[in-house]
There are 2 protein chains.
Amino acid sequence: MKLPRSQTQVSKSVKADRLTDVEIKKIIREMHLKVTHQRRAILEVLAVGRHHFTAQEIFDLVHKRFPEIGFATVYRFLKKLTEYKFVSEVRMGGLPARYELAPTHHHDHMSCIECGKIVEFENYAIENLQEKVAAELGFELTGHVLELYGICPDCRKGK
Amino acid sequence: MKLPRSQTQVSKSVKADRLTDVEIKKIIREMHLKVTHQRRAILEVLAVGRHHFTAQEIFDLVHKRFPEIGFATVYRFLKKLTEYKFVSEVRMGGLPARYELAPTHHHDHMSCIECGKIVEFENYAIENLQEKVAAELGFELTGHVLELYGICPDCRKGK
DNA sequence: GTAGGTGCAAATCGTTTGCAGTACA
DNA sequence: TGTACTGCAAACGATTTGCACCTAC
């Protein structure tokens, strides 16, 4: 196998950036919830670009189509989605939580401590070393959390 | 195979569980702040056992000796201490932040998902790779969280 | 003496909850 | 039809801030 120049891969959205009506209904029904237009709209928003959205951002986007929607609805549904692992919740420092549609592939996060922006990455060398560390400690590795914090290109320029 | 000089170090540091008056004054003065009894009390509390305390816990403990102290003082000083890296702030989920006197050596954690045991380790290769990843993403790295989860030697045997 | 520190209370911010009305199955 | 869902507003908990009074230097 040919090794790429860098072992770090920034995940590009090779994933579909929208969910079909059928997929949306399936997700909601799997949680034993009723399919409402608010919930559909929230899932549609989450699928766009598969970014990491704050509850506020999701609210704003859904609000454009359903001006009557309330924050409570957004939070309540995000909580359910998180419980059922359909979305993953990322919290950084004191910043508002960010939500992303559960990724199909494993990845870690690099977050900007100033603006909260999150970039996904995958680094095979680090993953391998984690296995090695666990083995040296006599552990059977079952999972990990790796979050890098720093200042993103934009915020560095902005200073 | 014989394990070569491993890059993974299990930390065994024996830290003092109290700070001397001189050390406390030194810390405060390095931040260009005035030495008040409130600030001394907060540092003394943080040194006890070197646990991870919430602001509330620190407040409670200091409050026993200085019933007049306010939350604002605790938070304001913790913020300064964090800025100057004398304490590290750990935030988990939506839970209140926890503060610990900055350990002399950086370390990460490997936790057993069955018995909860935590082993500290330090792996320079991983640390270096994290720097590399951040650089590739254009970020200035300021910190990270690496938690490995798995089953410890004892629990593996026990099965 | 004076700049900086303090306690208090009110303000803020993200998030949660109670409730009365609404809509999906 | 009935129960789950919704929007609203108020409640919440952690943290921050404004301000008049103190205190270390």
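Note that these values count all heavy atoms, side chains included, but never hydrogens, waters or copies made by symmetry. Residue numbers begin at 1 in each chain, while the letters A, B, ... track the order of the sequences.
- Checking dG7(D), dT16(C), dA25(C) against the side-chain heavy atoms of R29(A) singles out dA25(C) as nearest.
- A donor-acceptor contact under 3.5 angstrom links the side-chain atoms of R76(A) to the base of dG7(D).
- The nearest heavy atom of DNA chain D to E89(B) and to T36(B) marks one nucleotide each, and the one closer to the 5' end goes with E89(B).
- Map K34(B) and K34(A) each onto its nearest nucleotide of DNA chain C; the residue landing nearer the 5' end is K34(B).
- Residue Q56(A) contributes atom CD, which lies 11 Å from atom P of dC13(C) at whole-angstrom precision.
- Rounded to an integer number of Å, the gap from K80(B) NZ to dT16(D) P is 13 Å.
- In this entry the distance linking CD1 of I58(A) with C1' of dT15(C) reads 13 Å, nearest Å.
- Toward the 5' end of DNA chain D, the nearer of the two residues F71(A) and Y99(B), judged by each one's closest nucleotide, is F71(A).
- As judged by a 4.0 angstrom heavy-atom cut-off over every strand, Q38(A) is placed among residues touching the sugar-phosphate backbone only.
- Between F71(A) and F59(A), the two ring planes are parallel [angle under 30°; tilted spans 30° to 60°].
- Nucleotide dT15(C) holds its P atom 13 Å from the CG atom of L95(B), rounded to whole Å.
- Contact annotation for L33(B): backbone-only contact, meaning every heavy-atom pair under 4.0 Å involves sugar-phosphate atoms and none involves a base.
- Listed nucleotides dT16(C), dT15(C), dC8(D) differ in distance to A97(A); the shortest reach to its side chain belongs to dT15(C).
- Regarding L78(A), its CG atom lies at a distance of 15 Å from the C1' atom of dC5(D), rounded to whole Å.
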message = Between H37(A) and F66(A), does the ring pair (Phe, Tyr, Trp, His ring centres under 6.0 Å) criterion hold? Intermediate values first, please.
response = CA-CA 9 Å; H37(A) 60 217; F66(A) 299 102; 4.5 Å; yes

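- When the P atom of dC5(D) is taken as reference, atom CD1 of I28(A) falls 10 Å away, rounded to whole Å.
- Put simply, CZ on R40(B) is 15 Å from C1' on dG5(C), counting in whole angstrom units.
- With hydrogens and angles ignored, the 3.5 Å screen pairs a side-chain donor or acceptor of R39(A) with a backbone N or O of K34(A).
- The side chain of A55(B) lies closest to dT15(D), out of dT15(D), dT17(D), dT17(C).
- Listed nucleotides: dG7(D), dT15(D), dG7(C). Nearest to the side chain of E68(A): dG7(D).
- The shortest distance between side-chain heavy atoms of L129(A) and L129(B) falls below 4.5 Å.
- Taking the centre of each ring, Y99(A) and F53(A) stay at or above the 6.0 Å mark.
- The distance from atom CZ of R91(A) to atom C1' of dG14(C) is 9 Å, rounded to the nearest whole Å.
- Between Y75(A) and the phosphate of dT16(C), there is no side-chain N or O to OP1/OP2 separation shorter than 4.0 Å.
- Nearest to the side-chain atoms of R39(A) among the listed nucleotides dT6(D), dC25(D), dA14(D) stands dT6(D).
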